[in-house]
Q: 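The following block contains the structure, expressed as structure tokens.
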Amino acid sequence: MHKPRYFLAIAIAALAWNLIGDLSFLMQYRMDMAELARTRPDMARVYAQMPRWVWAVFAVAVGAGTLGALLLIARRALAVPVYALSLAAIVILFAQNFFGTDMLAVEGGGALVVPALIFAAGVTQLAYARAMRGKGVLR
């Protein structure tokens with residue numbers, strides 16, 4: 001099947017979104033905790049509570065999302081399981097952030113907005129890749 005006219009625009013938008021996630025990971029990973037502690041001591045404490053494995057899960061979430069978008073652009077069916085891996089990592093990451101730390105107590109309910117958006121984007125990208133695989137656009 002020929003790809004839909006809007007396919008490439010959606011795939012490039014997915015790549016741009018995931019590259020923003022990569023940048024977010026790099027910025028947070030390289031964050032100066034002393035500087036953060038001076039401006040937001042509660043958040044510095046929350047970040048300090050996060051186990052090392054959480055950073056690996058975060059890297060998998062954003063890395064797999066970016067790889068999934070690149071595979072989507074390349075029209076490869078492998079995008080589907082790679083996006084599924086990214087979504088699983090997103091769920092694990094946010095479960096740890098909200099249940100393994102006191103982030104909600106520190107940040108309040110507003111702390112759920114960005115993770116909800118990220119989760120929705122992950123679900124949408126996975127669903128789109130599945131739909132394109134089902135239509136024969138991805139091989």
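Keep in mind that what you see is a predicted model, and the values were worked out from it rather than measured. What's counted below: heavy atoms across the whole structure, side chains too, no hydrogens, waters or symmetry copies.
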Q: How long is the gap from CZ on Phe58 to CH2 on Trp53, to the nearest 0.5 Å?
A: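 Interatomic distance, Phe58 CZ to Trp53 CH2, rounded to 0.5 Å: 13.5 Å.
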Q: Is any side-chain heavy atom of Val113 closer than 4.5 Å to one of Leu117?
A: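 No, side chains not in contact.
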Q: Looking at Tyr83 and Ala69, would you say the former's side chain and the latter's main chain have a donor-acceptor pair under 3.5 Å?
A: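 It does hold such a pair.
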Q: In terms of ring plane angle, is the pair Tyr29 and Trp55 parallel, tilted or perpendicular, where the classes change at 30° and 60°?
A: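 Judged by the thresholds at 30° and 60°, the geometry between Tyr29 and Trp55 is perpendicular.
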Q: If hydrophobic clusters are built from ILVMFWY residues whose side chains come within less than 4.5 Å, do Met132 and Leu71 share one?
A: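 No, because Met132 and Leu71 fall into different hydrophobic clusters, even though each may have its own neighbours under 4.5 Å.
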Q: Looking at Gly21 and Val62, what are the two nearest heavy atoms and their distance?
A: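 Heavy atoms only, the tightest pair is O-CG1, 3.4 Å.
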Q: Does a sphere of radius 6.0 Å around CZ in Phe25 hold more than 12 heavy atoms from other residues, nucleotides or ligands, not counting ones at 6.0 Å or beyond?
A: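 Check passes, neighbour count above 12.
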Q: Rounded at 0.5 Å granularity, tell me how far CD1 in Ile20 sits from OG1 in Thr66.
A: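 With rounding to 0.5 Å, CD1 (Ile20) is 10.5 Å from OG1 (Thr66).
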Q: Do side-chain atoms of Gln125 reach the backbone of Ala121 as a donor and acceptor pair under 3.5 angstrom?
A: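 Here the side-chain-to-backbone pair exists.
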Q: Mind checking the CG-CE spacing from Asp42 to Met103? Nearest 0.5 Å is all I need.
A: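 So the CG of Asp42 and the CE of Met103 are separated by 11.5 Å.
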Q: Measuring from Leu87:CG to Leu126:CG, what's the distance to the nearest 0.5 Å?
A: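 Reported value, rounded in 0.5 Å steps: 6.0 Å.
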Q: Are Ser86 and Val60 side-chain neighbours, meaning at least one heavy-atom pair lies under 4.5 Å?
A: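 A side-chain contact is absent here, since even the closest heavy-atom pair is not under 4.5 Å.
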Q: Checking Arg133 side chain against Leu138 main chain: does a donor-acceptor pair fall under 3.5 Å?
A: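 Between the backbone of Leu138 and the side chain of Arg133 there is no qualifying donor-acceptor contact (under 3.5 Å).
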Q: Check whether any side-chain heavy atom of Pro51 lies under 4.5 Å from a side-chain heavy atom of Gln96, and answer yes or no.
A: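 Yes; the side chains approach each other to less than 4.5 Å.
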Q: Quick one: CG on Asn18 to CG on Leu70, what's the gap to the nearest 0.5 Å?
A: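 Going from the CG atom of Asn18 to the CG atom of Leu70 covers 8.5 Å.
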Q: Could you tell me whether a side-chain N or O of Thr124 sits under 3.5 Å from a main-chain N or O of Ala120, the two making a donor and an acceptor?
A: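 Confirmed, Thr124 side chain pairs with Ala120 backbone.
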Q: Can you see which heavy atom on Phe98 is nearest to which on Ala111, and at what distance?
A: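 The answer is CZ-O, 3.4 Å.
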Q: Quick check: closest heavy atoms across Gly68 and Val82, and the distance to 0.1 Å?
A: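 Distance-wise, the nearest heavy atoms are N-CG1, 3.6 Å.
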Q: Hey, is CZ on Arg45 packed in by over 12 heavy atoms from elsewhere, all under 6.0 Å?
A: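 Result for CZ/Arg45: enclosed.
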Q: In Å, rounded to the nearest 0.5 Å, how long is the span from CZ of Arg76 to CZ of Arg139?
A: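 That separation rounds to 4.5 Å.
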